[in-house]
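Have a look at the structure below before the remarks.
Order of listing sets the numbers, starting from 1, for every ligand and every atom in it.
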Amino acid sequence: MNIVLFGPPGVGKGTQSDNLVNELGITHFAMGDILREAVKEGTALGLKAKTYMDSGKLVPDALVIGMIEARIMDPEVTGGFLLDGFPRNVSQAEALASMLEKHGESIDRVVFMDAPEAMLLKRLSGRLICRACGFGFHRHYSPPRKEGRCDRCSGELYQRDDDKEEVIGQRLEVYGEQTRPLLEYYKALPAFRRLDASGEMTAVYAELMKAVKN
Ligand code: AMP
């Protein structure tokens, strides 16, 4: 099963994806994580991407399309995949459609997750991530047991630079201008499902599962 998950930053794509891929036994490709990894490793692509990411802008299509294609088409990826954070504009969606067609694959579900902007702001500004294992927490909704430390591996928790207030506004603007138009692109497809992601995490997950299975 191949799934695309899209929606505004802070809507919970990453959190929900982690559970979904475990339950379905498919591979998770989170474009933001792939880019942050490249930044951490200091690769040429990572260095180029960093300036865009730090300012809340989209990394140029030419960089991200190549990175995602290499992963999707890896022969070790069997049983399907979930794309989270890709595509993020219509030209990436077109590139995805043609790369899948070229390799005889298709998208089984495109799920659009949405929530009111005030909620997105609250979710983004309280988000904390473990430097060691990448697990996510939230200052108010799912705080770690010990302040500043990951429950799973005791790693140090940090706030992403682009989750700071100055950058959040820019990310939401970019979302409205470039990513939200994907709704028009995808909504007529039989694979399309829309999900209200404003509820509590487990309730949203149950709805997501239904959207994927029905
Ligand atoms: P995320 O972790 O999904 O919020 O992504 C963090 C940042 O990575 C975004 O603000 C963009 O700068 C960059 N990014 C992630 N996915 C894409 C994409 N599909 N196209 C361009 N830039 C992206």
Side-chain angles (χ1 to χ4, degrees), residues 2-18 20-21 28-41 43-72 81-100 107 110-115 117 119-131 133-138 157-183 185-186 197:
N2 298 330
I3 303 171
V4 167
L5 211 57
F6 80 101
V11 80
K13 297 184 295 293
T15 313
Q16 299 293 352
S17 300
D18 284 339
L20 195 66
V21 296
H28 185 189
F29 295 119
M31 194 67 233
D33 289 347
I34 294 171
L35 288 165
R36 278 184 290 278
E37 197 57 35
V39 171
K40 206 160 117 188
E41 286 170 1
T43 64
L45 279 177
L47 292 177
K48 272 194 201 148
K50 189 175 184 320
T51 45
Y52 296 93
M53 297 169 76
D54 285 349
S55 60
K57 300 203 175 95
L58 292 189
V59 174
D61 292 347
L63 299 185
V64 293
I65 291 170
M67 288 170 104
I68 209 77
E69 182 164 17
R71 282 166 177 82
I72 292 179
F81 55 79
L82 183 153
L83 289 178
D84 143 20
F86 185 94
R88 241 173 163 107
N89 60 29
V90 172
S91 59
Q92 291 179 13
E94 288 167 349
L96 175 65
S98 63
M99 75 177 83
L100 291 176
I107 302 173
V110 178
V111 183
F112 171 58
M113 295 172 67
D114 205 10
E117 187 163 314
M119 188 169 275
L120 302 174
L121 286 170
K122 220 168 160 188
R123 287 185 182 170
L124 286 168
S125 58
R127 192 151 79 164
L128 296 168
I129 297 165
C130 173
R131 224 178 261 291
C133 73
F135 194 71
F137 295 85
H138 194 282
L157 301 183
Y158 76 104
Q159 181 182 40
R160 269 169 52 176
D161 281 340
D162 61 350
D163 280 346
K164 296 190 173 139
E165 240 168 271
E166 331 63 278
V167 189
I168 289 177
Q170 168 73 14
R171 288 168 65 203
L172 289 171
E173 209 169 291
V174 166
Y175 165 75
E177 283 168 7
Q178 302 192 48
T179 309
R180 202 174 162 91
L182 282 177
L183 200 49
Y185 180 85
Y186 281 130

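- The protein atom (non-hydrogen) at minimum distance from atom 8 (O) of ligand 1 is Met53 CE, 3.6 Å.
- You'll find the side chain of Ile72 reaches within 4.5 Å of the side chain of Leu100, heavy atoms only.
- Listed by number with element, the atoms of ligand 1 under 4.0 angstrom from any heavy atom of Met31 are 16 (N), 17 (C), 18 (C), 19 (N).
- From Arg127, atom CZ reaches atom NZ of Lys122 across 16.0 Å, with rounding to the nearest 0.5 Å.
- Annotation: Val59 places an N or O atom under 3.5 Å from an N or O atom of ligand 1; distance criterion only.
- One finds no salt bridge joining Lys50 and Asp161 here, because no Lys/Arg side-chain nitrogen approaches an Asp/Glu carboxylate oxygen to under 4.0 Å.
- Only the backbone of Lys57 comes within contact range of ligand 1, with a heavy atom under 4.0 Å; no side-chain atom does.
- Considering Val167, Val39, Leu58 in turn, Val39 is the only one that fulfils the side chain to side chain contact (heavy atoms under 4.5 Å, CB included) rule with Met53.
- Among all protein heavy atoms, the one lying closest to atom 16 (N) of ligand 1 is Arg88 NH1, 2.9 Å.
- Of all the atoms in ligand 1, the ones that sit under 4.0 Å from a non-hydrogen atom of Val64 are 20 (N), 21 (C).
- Looking only at side-chain heavy atoms (C-beta outward), Leu83 and Ile107 stay at 4.5 Å or farther from each other.
- By heavy-atom distance, the residue among Arg160, Gln92, Arg171 lying nearest atom 6 (C) of ligand 1 is Arg160.
- Between Tyr158 and Ile129, the closest side-chain pair of non-hydrogen atoms falls below 4.5 Å.
- Side chains of Phe6 and Arg88 form no contact here, defined as non-hydrogen atoms less than 4.5 Å apart.
- The distance criterion of under 3.5 Å between nitrogen or oxygen atoms is not met by Pro87 with respect to ligand 1.
- In this structure, Arg36 is part of the shell of residues with a heavy atom less than 4.0 angstrom from ligand 1.
- Near Leu35, meaning under 4.0 Å from any of its heavy atoms, are these atoms of ligand 1: 8 (O), 13 (C), 14 (N), 15 (C), 23 (C).
- In terms of heavy-atom proximity, Leu124 sits nearest to Pro9 at CD1-O, 3.7 Å.
- Listed by number with element, the atoms of ligand 1 under 4.0 Å from a non-hydrogen atom of Asp162 are 6 (C).
- Within the 4.0 Å heavy-atom criterion, neither part of Arg127 lies near ligand 1.
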